[in-house]
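Heads up: the structure comes next, in structure tokens.
Reminder, nothing fancy here: chain letters follow the sequence lines and each chain counts from 1.
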Number of protein chains: 2
Amino acid sequence: MINDHKAALDRFYGSHKRMPTYAEMATLFGFKSKNAVAKVVDKLVDAGAVVKDHLGRLAPTSLFGEVKMLGLIEAGIPAAHEEETLDTTTLDEWLIRDREASFILRVKGDSMEEAGIIEGDFVLVERTEKAKLGDIVVAEVDGSWTLKYLRQNSQGYYLEPGNKKYRNIYPETDMRVGAVVRSVIRRYGK
Amino acid sequence: MINDHKAALDRFYGSHKRMPTYAEMATLFGFKSKNAVAKVVDKLVDAGAVVKDHLGRLAPTSLFGEVKMLGLIEAGIPAAHEEETLDTTTLDEWLIRDREASFILRVKGDSMEEAGIIEGDFVLVERTEKAKLGDIVVAEVDGSWTLKYLRQNSQGYYLEPGNKKYRNIYPETDMRVGAVVRSVIRRYGK
DNA sequence: AGTATAGGTGAACGACCGTTCACCATGCAA
DNA sequence: TTGCATGGTGAACGGTCGTTCACCTATACT
């Protein structure tokens with residue numbers, strides 16, 4: 001019942017990137033009076049489905065547009081009705097530290113296979129100067145870009161692939177670290 | 001200059017989940033008059049940084065809260081000033097089909113190693129009845145949950161691990177597919 | 001039957017919204 | 001030096017906001 005209303009708000013927020021006004025909600029819920037909306041909103045606030053600003057305006061709570069975080073695989077999937085008390089987050093907040101500096105690249109080749117990064121995977125990278133040793137970096141060596149571990153020896157920095165089939169890369173002229181890999185994302189299906 | 005304003009709006013939207021009012025923007029930008037704000041907003045609209053609703057209200061454009069999608073690794077990282085014409089998306093929109101049915105689980109063990117899913121990875125799963133053969137599923141077999149390929153032979157469904165160290169699992173009593181893996185997500189660093 | 005109660009309508013309210021106007025200050029170009 | 005964009009202030013405007021009031025049903029409970 002009230003879940004329908006919450007779902008409607010969720011959909012509206014998803015497509016408009018803001019909460020509807022009371023007048024819009026009246027249309028949305030099929031009411032002719034804003035008062036009917038106000039009563040529904042009160043219930044939604046009580047239920048914690050939405051919150052109100054310092055001045056009246058609605059804002060989605062953490063329940064909106066978020067994904068539930070569970071424990072280990074072994075714990076399994078909860079039944080639909082026992083989904084209380086789950087931690088939730090948006091993927092963006094969870095994965096992205098510095099939005100302006102972040103990019104997604106698609107991985108080609110098998111040179112990082114043993115690190116669990118395979119052809120077709122996406123990597124979320126962050127353009128930064130502060131790559132640490134051992135990080136997986138997107139680097140430009142002698143004119144072309146690759147994805148490798150950043151290592152260092154007495155000669156200086158070099159790149160190590162995550163696949164024994166390939167050799168380490170010692171830069172001939174110069175090497176530039178463009179970005180550090182923060183996450184790997186693999187999509188299945190379509 | 002105007003990028004500062006855009007960034008301020010981005011921050012506000014990120015924390016409040018809505019666009020600020022003109023009065024709030026005046027404070028935000030350090031103006032004393034809403035008119036100064038209106039002029040800035042006009043420029044932002046012209047620049048495509050925000051859009052206006054059917055009635056005045058601001059909404060973030062696709063440029064807000066999104067991540068740039070690039071091509072293959074080999075293409076490398078673009079310089080900061082040549083970031084035009086990139087496809088962008090939010091991770092949530094990109095990865096999540098059915099939000100209500102989606103969960104994130106943490107992977108334990110190495111039984112899907114050859115599928116590029118290693119211990120500590122997260123899987124974004126979707127609770128569904130329509131698992132297809134070959135999908136990686138979260139299934140309950142004889143009381144405990146595992147992550148495996150869904151297969152079928154003349155005896156019926158069974159599970160196949162993505163690691164030759166382990167054997168196929170033929171359910172003794174019953175097997176229940178709880179969810180299908182839609183994405184794998186691996187995070188580096190803290 | 002009588003009567004709370006929940007859920008809806010319709011109209012009115014003050015407050016604040018986004019917009020606009022007149023005006024002022026600065027800096028650059030003619 | 002004059003002229004004129006540019007970028008700001010402050011005040012005013014109608015419109016819509018969220019809220020509230022009185023009132024009208026149904027349904028459920030004595």
What pairs of donor and acceptor atoms, side-chain ones from residues 24-35 of chain A against any protein atom, are under 3.5 angstrom apart with sequence neighbours left out?
unit_1 : atom_1 : unit_2 : atom_2 : d
E24(A) : OE1    : R18(A) : NH1    : 3.1
E24(A) : OE1    : T21(A) : N      : 2.8
E24(A) : OE1    : T21(A) : OG1    : 3.4
E24(A) : OE2    : R18(A) : NH2    : 3.0
E24(A) : OE2    : H54(B) : NE2    : 3.2
T27(A) : OG1    : A23(A) : O      : 3.4
S33(A) : OG     : N35(A) : N      : 3.0

Of residues 29-37 of chain A, the positions that come close to DNA chain D - non-hydrogen atoms, cut-off under 4.0 Å: K34(A), N35(A)

[X] to [Y] - nearest heavy-atom pair and separation:
{"X": "L124(B)", "Y": "L95(B)", "result": "CD2-O, 3.7 Å"}
{"X": "F12(B)", "Y": "M19(B)", "result": "CE2-C, 3.9 Å"}
{"X": "H5(A)", "Y": "V40(A)", "result": "ND1-CG1, 3.4 Å"}

Interatomic distance, [X] [atom1] vs [N] [atom2] [rounded to whole Å]:
{"X": "L58(A)", "N": "dT16(D)", "atom1": "CG", "atom2": "P", "result": "19 Å"}
{"X": "Y22(A)", "N": "dC13(C)", "atom1": "OH", "atom2": "C1'", "result": "16 Å"}
{"X": "R57(B)", "N": "dC16(C)", "atom1": "CZ", "atom2": "P", "result": "14 Å"}
{"X": "D42(A)", "N": "dG8(C)", "atom1": "CG", "atom2": "C1'", "result": "15 Å"}
{"X": "M25(A)", "N": "dG7(C)", "atom1": "CE", "atom2": "P", "result": "17 Å"}
{"X": "K39(B)", "N": "dT6(D)", "atom1": "NZ", "atom2": "P", "result": "11 Å"}
{"X": "R18(B)", "N": "dC17(D)", "atom1": "CZ", "atom2": "P", "result": "15 Å"}

Residue whose closest nucleotide on DNA chain D lies nearer the 5' end, A38(A) versus T21(A): T21(A)

L159(B) side chain near N168(B) side chain, heavy-atom distance below 4.5 Å: no

N/O (side chain, K52(B)) to phosphate O (OP1/OP2, dT19(C)) under 4.0 Å: yes

Basic-acidic side-chain contact under 4.0 Å: R106(B), D121(B): no

